[in-house]
Amino acid sequence: PELIQPQPYRPAYHFTPPHAWMNDPNGMVYYKGLYHLFYQFHPYSNVWGPMHWGHATSPDMIHWTHQPIALAPDELGAIFSGSVVVDWKNTSGFGTADNPPLVAIFTYHNEADRLAGKRPPQSQALAYSSDNGASWTKYAGNPVLKAAPDQGDFRDPKVRWHEASQSWIMSLAVGDHVEFHASPDLKQWHLLSQFGKNVGAHGGVWECPDLLPIRVAETGGQKWMLLLSINPGGPNGGSATQFFIGDFDGRNFVLDPAFASQLEQDGPQWIDWGRDNYAGVTWSDVPAADGRVLMLGWMSNWDYATKVPTSAWRSGMTLPRELQLHRQAQGYVLHSLPVRELDALKGRISQPQTATATEGLSLSGRALEQSETYVEFSLPGGNSKAYLEFSNAQGEAYKVGLDGQTGRYFSDRRQAGRKDFSEQFASKLHTAPRHAQSAVVRMRVYLDRNSAELFADDGATLMSELIFPSAPYTQVRFLVDGQAAQPAAFTVTEIGSSQTS
Ligand code: FRU
């Protein structure tokens, strides 16, 4: 069916499923030169349903090849989110010393049990692959970790090897907090500790935790970061992902004192202030020689995900990003940058043509549909607003920029295109704090048919947003209070298609 219907909103350089419904990224693991991406998949409709794990592979996180469905529901339940590890030492015994297995740790969700109120509907289970992820066998001893009798939310295991304690550590979302469990072999688990009951945002259920070591750029020292998705309760409504910085001794995750006071002063810390970056976790087993922390998220929001105006497929992923932790005077700032592999798709660069004083840069054709716009300008003074405006002949415009009065970034999709499908989609202006202190503002905005991703101040502030213009934008202008203005730098780079096969 996807060949019959026109798909004007299907992204060209972001990952989307071949057809049908997708949500969270799952089981992201790097193995033998390929990045694996599994994902929450309902192959039989374009709304959420009994979950499978879809699968795709890529040499660079940009060009993807679709693979057969990896995991399908069975009598224990549907297959919710989870992770994949390379069991290098074959601790599980699922492989051999020469051919270490890939092991998936996922949540079974049993809807019949939930409806009947019979027993806790969620439990953790294993599947393994001895052929580099091509085929998967579920472990006969499933489930390996069951919830307490009264625990409904008990899901999204993210597992990593902890060298110091020679054990596997699992982060698990348990309603309003995270539990850490440990195991020598991925099969036997014991509870280590809990985190989060009284810290961070609690406007909704906690989901998709990820505990990982991360280097501090300024000191070279190591910290531990906990990524934690929450729905609802995000800074601009609905789903969003927060982060915590601290230390982990193999048992407890303890907040860094500086980060704890940051939380008290500034409130929850979000990896992305846009409304469309959710349930993101990091890639496992990225080689030490590479050393990057790599992640991507689901580019949607539970507030309206099932209603967005696409039908043959629904939902894409964000651009894959590299995360860098910075220690500034005011505290920790997490930067995200598009992975450098994206550079291979970059094409023609255009400079603004100031045809008339009010016009700004105009581009004909569809050059803006897949583009990176870079603009550099001085901090707007007083109560001025400086922003990029992407528009089409239909009179629709998406605006993204900085408000001098509040000192905050904003993303305005209220007139950007279709929004009739959900009242929750575009009723408000979305805003984000500026973390950089410099007088020079730098914004990079990536457009890809149905999305706009802002990376401001070298990734210090992010806003990833879906947009549904009824025709592609053909003009971009830099404006200060509605007037065309001269920024210090202004370029538009075309981005090619990654042609998922
Ligand atoms: C997050 C989430 C997870 C769950 C999955 C189900 O979006 O709710 O907590 O495992 O989606 O599809």
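Counting starts at 1 for both ligands and their atoms, following the listed order.
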**Report entry** side-chain hydrogen bond (donor to acceptor under 3.5 Å, both in side chains) against R155, all qualifying residues, sequence neighbours excluded
**Finding:** Q122, D153, E207

Query raised in the report: Taking 4.0 angstrom as the limit, do D87 and K89 come out as a salt bridge?
Result: no

Starting from the N and O atoms of ligand 1, collect every protein N/O partner closer than 3.5 Å and put each pair on its own line with the distance to 0.1 Å.
unit_1, atom_1, unit_2, atom_2, d
ligand 1, 7 (O), D24, OD1, 2.7
ligand 1, 7 (O), D24, OD2, 3.3
ligand 1, 7 (O), W302, NE1, 2.9
ligand 1, 8 (O), E207, OE1, 3.4
ligand 1, 8 (O), E207, OE2, 2.8
ligand 1, 9 (O), R155, NE, 2.7
ligand 1, 9 (O), D156, OD1, 3.4
ligand 1, 9 (O), D156, OD2, 2.6
ligand 1, 9 (O), E207, OE2, 3.1
ligand 1, 10 (O), S81, N, 3.1
ligand 1, 10 (O), D156, OD1, 2.6
ligand 1, 11 (O), N23, ND2, 3.3
ligand 1, 11 (O), D24, OD2, 3.2
ligand 1, 12 (O), N23, ND2, 3.0
ligand 1, 12 (O), Q40, OE1, 2.6
ligand 1, 12 (O), W48, NE1, 2.9

Report task. Compute the centroid of each ring, for Y139 and then for F94, and state whether the two points are separated by less than 6.0 Å. Result -> yes

Query raised in the report: Does the separation of the ring centres of Y39 and W313 fall below 6.0 angstrom?
Result: no

Report task. Kindly write out the residues that satisfy side-chain contact (heavy atoms from CB on, under 4.5 Å) with D457, not counting sequence neighbours, or none if the list is empty. Result -> Y409, R434, A436, V441, A460

**Report entry** Pairwise side-chain hydrogen bond (donor to acceptor under 3.5 Å, both in side chains) hits with a residue in residues 245-254, at least two apart
**Finding:** K223-D247

